[in-house]
Amino acid sequence: MTIGFLTHLYPWTKAFHVMSLIAWMAGMFYLPRLYVYHCDLQRGSTESERFKVMERRLLKQITNPAMMATWTFGVLLVLTPGIIDWSAGWWHVKLLMVLLLSGFHGAASRWRRDFLEDRNTRPQRFYRIANEVPTLLMIIIVIMVIVRPF
Ligand code: HEM
């Protein structure tokens, strides 16, 4: 019964998976960018406090729920019969990249806390480089799911 239900819902599950991953990616691209700008600001300044509010809202109101939704719909897709071939290489690479992306999300949350408590010591260059990580992971993931090279 559950199986038939998921098969019936498949296009909808996939549509919601894609909608949520767009929101998740938006947060993953923009949070480190906010940290790049935040590095330039004087601790305790009005601008710095405003950045703290933007960072909190972006993480808590958009990025965290979007990650949870992406995982939920992704797992429902995995549970849909006939969708995943566990012997396919592309799927394992995608899964690894998604785990790395989730780890990056965790790191970005910890960096936000450092800014919040005015104890960031990482240089701006660190966040500029970190900013490229989600882009790279997203490119690999999309090639894996769409091109399926192996
Ligand atoms: C969070 C854990 C995730 C899981 C468990 C997961 C799992 C899945 C599964 C099982 C499918 C269905 C594949 C098919 O229909 O053949 C799918 C589709 C897709 N996933 Fe994910 N996914 C996750 C995260 C992501 C992320 C982060 C991205 C992009 C950055 C992504 C991009 C896509 C795309 C574009 C499709 C549609 C592919 C198509 O048209 O067939 N997924 N995902």
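Numbers for residues simply follow the sequence, beginning at 1. Order of listing sets the numbers, starting from 1, for every ligand and every atom in it.
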Pull out every atom of ligand 1 sitting under 4.0 Å from any heavy atom of Ile84, numbered as shown with elements. 10 (C)
I'd like to check which ligand 1 atoms, numbered from 1 as shown, lie under 4.0 Å from a non-hydrogen atom of Leu101. 27 (C)
Heavy atom of the protein closest to atom 40 (O) of ligand 1 (residue, atom name, distance): Lys14 NZ, 3.4 Å
Looking at atom 16 (O) of ligand 1, what's its closest protein heavy atom, distance included? Arg148 NH2, 2.7 Å
Please list, one pair per line, the donor and acceptor atoms closer than 3.5 Å that link side chains of residues 25-33 to other protein atoms, with sequence neighbours excluded.
{"residue": "Arg33", "atom": "NH1", "partner": "Tyr37", "partner atom": "OH", "Å": "3.3"}

Does ligand 1 have an atom under 4.0 Å from some heavy atom of Tyr10? yes
Residue pair Asn120 / Tyr127, side-chain heavy-atom distance below 4.5 Å: yes
Donor-acceptor contacts under 3.5 Å from residues 90-97 side chains, at least two apart:
{"residue": "His92", "atom": "ND1", "partner": "Ala88", "partner atom": "O", "Å": "3.1"}
{"residue": "His92", "atom": "NE2", "partner": "Trp86", "partner atom": "O", "Å": "3.4"}

Just wondering, do Trp24 and Ser102 contact through their side chains at under 4.5 Å, heavy atoms? yes
Residues Ser20 and Trp71: side-chain donor-acceptor under 3.5 angstrom: no
Salt-bridged, Asp118 to Arg43, with N to O below 4.0 Å? no
Under 2.8 Å from atom 21 (Fe) of ligand 1, which protein N, O or S atoms are there? Could you list them by chain and number? His17 NE2, Lys94 NZ
Atom indices of ligand 1 within 4.0 angstrom of Trp91 heavy atoms, with elements: 7 (C)
For residues 53-68, run the donor-acceptor check on the side chains, cut-off 3.5 Å, and write out each pair with its distance to 0.1 Å, sequence neighbours left out.
{"residue": "Glu55", "atom": "OE1", "partner": "His38", "partner atom": "ND1", "Å": "3.3"}
{"residue": "Glu55", "atom": "OE2", "partner": "His38", "partner atom": "ND1", "Å": "2.7"}
{"residue": "Thr63", "atom": "OG1", "partner": "Leu58", "partner atom": "O", "Å": "2.7"}
{"residue": "Asn64", "atom": "OD1", "partner": "His105", "partner atom": "NE2", "Å": "2.7"}

Could you walk me through whether Phe51 and Phe115 pass the ring-ring contact (aromatic ring centres under 6.0 Å, His included) test, one step at a time? CA-CA 9 Å; Phe51 266 73; Phe115 279 107; 8.9 Å; no
Using 4.0 Å as the upper bound for N to carboxylate O, is an ion pair formed by Glu49 and Lys52? yes
Taking the side chain as every heavy atom from C-beta outward, state whether Arg122 and Asp114 have any atom pair closer than 4.5 Å. yes
Atom 13 (C) of ligand 1: which protein heavy atom is closest, and how many Å away? Ile83 CG2, 3.9 Å
Closer than 4.0 Å to some heavy atom of Val78 - which atoms of ligand 1 meet that? 10 (C)
